[in-house]
Amino acid sequence: MRIVITVGGSIIIKDHDYKKFEDYAKVLRSMAEEHQIMVVVGGGRTARDYIGIARDLGASEALCDDVGIEVTRLNARLLITALKDDAYPRVPHNFGEALEFSTSGKIVVMGGTEPAHSTDAVGSILAEFVGADLLLNATSVDGLFDKDPHKFSDAQMFSEITPQKMMKLLSDKEMRAGTYEFLDKTAIQIIGRSRIKTVILNGENPENLKKALNDKVGTLIVSNQE
Ligand code: UTP
């Protein structure tokens, strides 16, 4: 299978040390024995800090996004470093390059592409671009919930959800007021139109990525039946 994996920066560089990169490298390497793996890494707190400084300096929102993209690419370089020879040594800056680098047979690791979306959107566009069989979205919670599970003990996790229902949740004011974030609008639209099989799962334990190949973990996004 061709598998695209998005990993939030808030997971992989949460503790600002090398351990999570090594843990991820181990799991990705083992998955790559049987599958073609492409990874998109997020920016996390470092990106938010840098964006904040750029904004205070009077940078435009697009320029702030560009600063964020640079940080996601730095995180991608760290994962490439952890993967050693199993990764293609360069970070693709666009989808064409990602596809080109994947012909090496190595794991391709990228960050952001252009302003105005998240790395989750990059992951969904990449999955569409390369015709991925599966998109795995590694987040800090077990799946997609009806409200912020960090804040509400009665939050319910969806075992399955359609892109349509996700769009509805996204436009729900109560949902936006909280800090709980899930796939952005662009990502949901792409997943919906391409009908890419997508699983949102807990990436704190990277073994969940492997588990998702055979077992039921997290939330499965199912395409609308038309
Ligand atoms: P992320 O997608 O990592 O956002 O991109 P995040 O909120 O930090 O996600 P986690 O914490 O890793 O899960 C960081 C920032 O980089 C810019 C955006 O400003 C985004 O908020 N960015 C990223 C882009 O503008 N374009 C991209 O393609 C990717």
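Remember, it's 1-based here, ligands and their atoms both numbered in the order they're listed. Note that this is a predicted model, so its numbers are computed, not measured. Any value given below was found using the heavy atoms of this structure, including those in side chains, with hydrogens, waters and symmetry copies removed.
Counting only N and O atoms by type, the side chains of Asn208 and Asn202 include no donor and acceptor under 3.5 Å apart. Side-chain polar atoms of Ser30 and Lys210 form a donor-acceptor pair below 3.5 angstrom.
Any N or O atom pair closer than 3.5 Å counts here, and Ser118 shares no such pair with ligand 1. Residue Ala47 places no N or O, backbone or side chain, under 3.5 Å from any N or O of ligand 1. For ligand 1, the polar-atom distance check against Gly9 finds a nitrogen or oxygen pair separated by under 3.5 Å. For the pair Glu114 and ligand 1, the shortest N or O to N or O distance falls below 3.5 Å. For Arg48, a nitrogen or oxygen atom sits less than 3.5 Å from a nitrogen or oxygen atom of ligand 1, counting backbone and side chain alike. Not one N or O of Asp66 is nearer than 3.5 Å to an N or O of ligand 1, by distance alone.
Each of the following atoms of ligand 1 lies closer than 4.0 Å to a heavy atom of Gly68: 16 (O). Of all the atoms in ligand 1, the ones that sit under 4.0 Å from a non-hydrogen atom of Gly112 are 27 (C), 28 (O), 29 (C). Near Val122, meaning under 4.0 Å from any of its heavy atoms, are these atoms of ligand 1: 28 (O). Within the listing of ligand 1, atoms 25 (O) sit less than 4.0 angstrom from a heavy atom of Pro115. Ligand-side atoms of ligand 1 in range of Gly42: 3 (O), 12 (O), range being under 4.0 angstrom from any heavy atom. Heavy-atom proximity to Thr119, at under 4.0 Å, picks out these atoms of ligand 1: 1 (P), 2 (O), 3 (O), 29 (C).
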Side chain to side chain contact (heavy atoms under 4.5 Å, CB included) between Val199 and Asn137: does it pass, once the steps are laid out?
-> CA-CA 6 Å; Val199 180; Asn137 181 240; over 6 Å; no

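Residues satisfying the side-chain hydrogen bond (donor to acceptor under 3.5 Å, both in side chains) test with Thr72, not counting sequence neighbours, are none.
Residues Val222 and Glu160 approach most closely at CG1-OE1, 3.8 Å, considering heavy atoms. The minimum heavy-atom distance between Phe21 and Asp17, with the atom names listed, is CD1-O, 3.6 Å. Residues Ile196 and Ala127 come closest through the heavy atom pair CD1-CB, 3.8 Å.
A donor-acceptor distance shorter than 3.5 angstrom exists from the side chain of Asp146 to the backbone of Gln156, with no hydrogens or angles considered. Between the Arg29 side chain and the Leu83 main chain, a donor and an acceptor come within less than 3.5 Å of each other.
In Ala116, the part holding a heavy atom less than 4.0 Å from any atom of ligand 1 is the backbone. For Asp65, heavy-atom contacts with ligand 1 shorter than 4.0 Å involve the backbone as well as the side chain. At a heavy-atom distance under 4.0 Å, no atom of Arg45 approaches ligand 1. Looking at Ile51 against ligand 1, only its side chain comes within 4.0 Å, counting heavy atoms.
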Identify every side-chain donor-acceptor pair in residues 88-100 under 3.5 Å, counting partners at least two apart or on other chains, and give the distances.
residue : atom : partner : partner atom : Å
Asn94   : OD1  : Gly96   : N            : 3.2
Asn94   : OD1  : Glu97   : N            : 2.8
Glu97   : OE1  : His93   : N            : 2.8

